[in-house]
Every structure is written in structure tokens, then in C-alpha cells.
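Chain identifiers are assigned alphabetically (A, B, ...) following the order of the sequence lines, protein sequences preceding nucleic acid strands; residue numbering begins at 1 within each chain. The figures here come from the full heavy-atom set of this structure, side chains too, leaving out hydrogens, waters and symmetry mates.
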Amino acid sequence: MGEEIKGDFEPKIVGFTCNWCTYAAADLAGTSRKKYPPNSRIIRLMCSARLDPMFVLKALLNGADGVFFSGCHPGECHYIKGNFYARRRIAALRTILQQFGLDDRFKSYWISASEGEKFANTMKTQSEEVKKLGPSPFRGKIL
Amino acid sequence: MKGAELNSEDLEGALKGLLGKGVVDCLVMPHRAGKNVSYMLVKDADKIESPASAIFAPSFSVNAANLIKGWTIKEKVGILAKPCEIRAAIELIKLKQMEKESVLLITVDCAGAYTNQVYAEHYADIGDEVDSAKIKELEGKGITIRESCAICENKLAAVGDIIIAKGAGGNVVVAGLTDMGVDALSALELSLEDKDLERAAEKEKIAAEAKAKLDALPQMGSVEALEEFLQDCIVCKNCRDMCPVCYCKECFFELPLGKPTGGDLLNLAELRGAIGLPPGQLFYHMTRVYHVSTTCVGCGACEDACPKDIPLTRFYPVITKKVQDIFEYVPGKDVEEPLPFTAYEEEELEDKLR
């Protein structure tokens, strides 16, 4: 696996989005026919607070080239305060990933349901950034 | 704070009094076992013999908080231990693993400890207690304290209900920090007076030395370095079992998803071509370091427990300290302070997210 991907590298990105904001934004981007690269695979969660940082770790260790997380803007959570808790967890996880130079592969955004355009643009820049980083250090490794 | 200065005989009397006068129903404290010390659970006050030779002994075997984790009994348990152990106990109270009202936490001053193997081997040189000068002298002879103790900033007794601090001329200062602690000391009929332990300068010196040691530790910095660091790990999970703040009754890594076997492993191997055995070294440690990220007290019990001698102090306390810094949280400092993951501010951390 590790050798084949050198030429034209198409990253695999795992995304976790909340049901009420970013998933709706992705939907809006689709219905309004915004174009964005097909690299991300989105997993819908009911709330950003459902994101167990283990999901991110597992995705990275299983060879995802990038992982992103996106939820409602702080203060606009459908469940009032879910994303406040999520923000603390993500800050902690990011601090840990920084120690191993993995933090560039993990992005987090706040994208609300009306920001379809922002979603498409974010996916575009993210895809380019991860392409620049190259394949995940865990790809093809025996772990 | 209210306290009293005691000599070693009075200290023995005071500890016996805790049991004899019914302040606590039982006491978990170190006792001397030959050249070493280990913990005991005492009910009978007469079993406490010359405690001064054991409670300050610079030997670390197991974190005392781990011994009483999850006890749900009506009796009141007194715990006499080093600052890291009491801080772990305070974190466990916050994690609802024990009742605040059912434990009396007694902290002793610590100058740093040796692993219990090193302590027993060099007992003739080390003796019953050490101070920072003695530790430096022994370092010259190649007898070094545990790495987690070298980087510990919280060696002075300053948490819990009661502190036992080293005073002048072999005496100790016993003082109550909380109402429960002061009540306990009053019940012992000690002549309490206002004690002002001026230790800010000492604390600063310890913190500066610890910081210098921490900065001198090798940094990991990359995935490759992490893999090399953990390559000997056999995923025995001793570090989890001995960790005072790893408290889940059912650990994810004992469940089928976290501990795949047989057909599950074959499927994973088919997906990836090959899979390392035992599975999940990196996943286990990365998850665990996140789980203890805000509560790790840096006691180093994980390193002592590792059968493969992986220097886990360079992983757990070092990384969790960085997480604790972003929340400005010191685990075990204050029992009323909420755990970082159970609280939030409306405006915070945005610079830490990208």
C-alpha cells in the first residue's frame, strides 16, 4: 500500500460532523451544487459532544491521512452546551497530538447549517493542506 | 492554619489516637518491613510502631490512592501518604470513586523517592528519610530518585485534610488544612496554635529544580520516536492497573472492540495486510494518555509497574502536564475545583483548536 500512492496522491479524510449544523451545511453545499473534492468521508454524530477523541485516534492510527471535526458555532449548540464540552476535549486531544507532530492532520471547524459555501471552501482548503502533508505516517505500517 | 509541633513520640501517640479516639475507623499508612516499607491497613492502634521511621521513608511501591479506589464503605478511612498519593485521592473524590466525608487525608512531606527495589538495596546509604542535600550526595554514588520524583513540583505537603511537615531538629509540624482536619486534631487533644509555615521560598526552589529536570528529559516529537519508545510494550496493561486515576470498571481495552481476538483480528489483518501482535500498542497508550490527561498526578506508578522497563514517566506525566497547562489545572490541588472536562467557559481555547 505504502508504495503505490506516491504519484498522484488522493488523501483519505475522515470527518465527524454534528447532525444539526455541519451535516446540514454539507447537505446545503450539495443541494446548491457547490463543488468540493471528494476526499472526505463524513460520519454524522448527533452532537459534537458525541465525538469521543478515541474516534480521532483510531482513524489516524488506521491510516486516515486527515481527520476533521465540525459542529455548531460555540453558543449555538442544538443541545445548548454540547460543543462547549467538545471544545475542551478537542483542545486536550490536539495538545497530545502536537507532541507527535500529528496535529496538522486533525482539523476542527465550526460551520453552521446556513454555511454551505463555507463548508465547500473548507473541504477544498483542507484537501489541499492534507495533500501537501502527504500520506499518513501510519499508512501501510504494521501496527 | 491550626497546628502543633510534635516530636517523634508524640507523633506516634497522635497517630494511635486517631484510631484509639475513633476519629477514623481504620488507617492506611506505611509500615516498616525489614529494609523496606509497605502499606498496611490498621485497625488496632498497638500495631503502629515508631511510625516516624516509615512515613518519611523515600520509597515508592504503589500509589496509596490506588489501594482504596472505589471503596464504598460506611467506615471512615484515614490515609497517610505522600503528596502525589493524596492528590490522586482528591482526584478520585472528584471522579466519585470515594466519598469526601468518608476519608481523612493526611499528607507527609516528601523529598523525592526511590523505587522500592533501589531503596531496599541501598537502605544502609539512604536511611529512614532524606532531604534534598542527601539526595544530591547519593546521586554522586549513582543512587538516583525516580524520574517522576525528579520532575515533581509538588513535594511539600500542602493538600488533604492534615499535613505532617518536617520541622526543625527531627520534630514534625502537624496542621489541619480543612475543618475535618482541624476537628480531627482537636479530638486528639493536641495543644493547637496558629502555625504559619513559611515555605514559599522552598516551594519555588523545588519547582525550579523540577522544571529544569523536566526540560532536560528527551522529547519525543515525532511518530517514529513514539513508535520506538513503545516498541517493547506487550500491552499487559499493568500501567493502567497501577494508575490511581485510571478508574473505569470496564476498560475499553478489555472489551471486544479494544481487545480483538481470533476472527476479529483476522479481519483486521486482511484489511491492512498485516497487523502487529499484541494488537493496539499505540492505540492503547494514546487513548490512555487522553483519558488521564487532566487527572494524572505524575506519581510514576505506571513506570514502576512496567515489566518491560519502558520509561513511561517521559510519556504520561510529561504529556498530561501540557494538557493541564492549557486548562491551568493542577490535579489534586483543590477538591472543590471542577474537573476540566466537566466544566467550560463560553469564550476560551479558540487559539488551541487549529
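Heavy-atom distances place both the backbone and the side chain of B:Ala343 under 4.5 Å from chain A. Neither the backbone nor the side chain of B:Thr294 comes within less than 4.5 Å of any heavy atom of chain A. Only the side chain of A:Leu97 comes within contact range of chain B, with at least one heavy atom under 4.5 Å from a heavy atom of that chain. With a 4.5 Å cut-off on non-hydrogen atoms, A:Lys107 does not touch chain B at all. Contact of A:Leu102 with chain B is made through the side chain alone, with heavy-atom distances under 4.5 Å. Neither the backbone nor the side chain of A:Asp103 comes within less than 4.5 Å of any heavy atom of chain B. For chain A, no part of B:Gln281 is nearby; none of its heavy atoms comes within less than 4.5 Å. Of the two parts of B:Ser293, only the side chain, counted from C-beta on, holds a non-hydrogen atom closer than 4.5 Å to a non-hydrogen atom of chain A. B:Glu345 touches chain A through backbone and side chain together, each having a heavy atom under 4.5 Å away. For B:Phe315, the part lying under 4.5 angstrom from a heavy atom of chain A is the side chain only.
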**Request:** Kindly determine whether B:Leu282 and A:Phe138 satisfy side chain to side chain contact (heavy atoms under 4.5 Å, CB included), including the steps that lead there.
**Result:** CA-CA 11 Å; B:Leu282 276 180; A:Phe138 298 110; 3.6 Å; yes
**Request:** Output, in order, the C-alpha distance, side-chain angles, deciding distance and verdict of side chain to side chain contact (heavy atoms under 4.5 Å, CB included) for A:Thr95 and B:Phe327.
**Result:** CA-CA 11 Å; A:Thr95 310; B:Phe327 298 118; over 6 Å; no
**Verdict with reasoning, B:Ile275 to A:Ile142, per side chain to side chain contact (heavy atoms under 4.5 Å, CB included)** = CA-CA 5 Å; B:Ile275 187 163; A:Ile142 299 173; 5.6 Å; no
**Request:** Start with the C-alpha distance between B:Lys322 and A:Gln98, add both sets of side-chain angles, then the distance that settles side chain to side chain contact (heavy atoms under 4.5 Å, CB included), and finish with yes or no.
**Result:** CA-CA 10 Å; B:Lys322 299 203 157 107; A:Gln98 256 164 13; over 6 Å; no
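Of residues 248-268 of chain B, those residues with a non-hydrogen atom less than 4.5 Å from any non-hydrogen atom of chain A are, in numerical order, B:Phe252, B:Phe253, B:Leu257.
Put simply, the side chain of A:Arg87 gets close to the backbone of B:Glu346: a donor and an acceptor are under 3.5 Å apart. Panel note: side chain B:Arg272, backbone A:Lys141; a donor-acceptor pair is recorded below 3.5 Å.
Taking every heavy atom of both residues into account, A:Pro74 and B:Glu350 meet most closely at CG-OE2, 3.5 Å. A pairwise comparison of heavy atoms in A:Ala91 and B:Leu349 identifies CB-CD1, 4.0 Å as the closest pair. Among all heavy-atom pairs drawn from A:Pro137 and B:Glu224, the shortest one is CB-OE2, 4.5 Å. Between A:Met54 and B:Phe283, the shortest heavy-atom contact is O-CE1, 3.8 Å.
For NZ of A:Lys131, the number of neighbouring non-hydrogen atoms (other residues, nucleotides, ligands) closer than 6.0 Å is greater than 12. Annotation for B:Phe60: atom CZ counts as buried by contact number, over 12 foreign heavy atoms lying within 6.0 Å. Within a 6.0 Å sphere centred on CD of B:Gln231, heavy atoms belonging to other residues, nucleotides or ligands number more than 12.
At least one side-chain heavy atom of A:Phe100 sits under 4.5 Å from a side-chain heavy atom of B:Ile319. Considering only heavy atoms from C-beta on, B:Tyr290 comes within 4.5 Å of A:Arg89 through its side chain.
The greatest number of non-hydrogen atom pairs below 4.5 Å with chain A, out of B:Met286, B:His291, B:Met220, is found for B:Met286.
Proximity of the aromatic rings of A:Tyr85 and B:Phe341 is defined here by a centroid distance below 6.0 angstrom, and this criterion is not met.
A:Asn83 CG to B:Tyr344 OH: the interatomic distance, rounded to the nearest 0.5 Å, is 9.5 Å.
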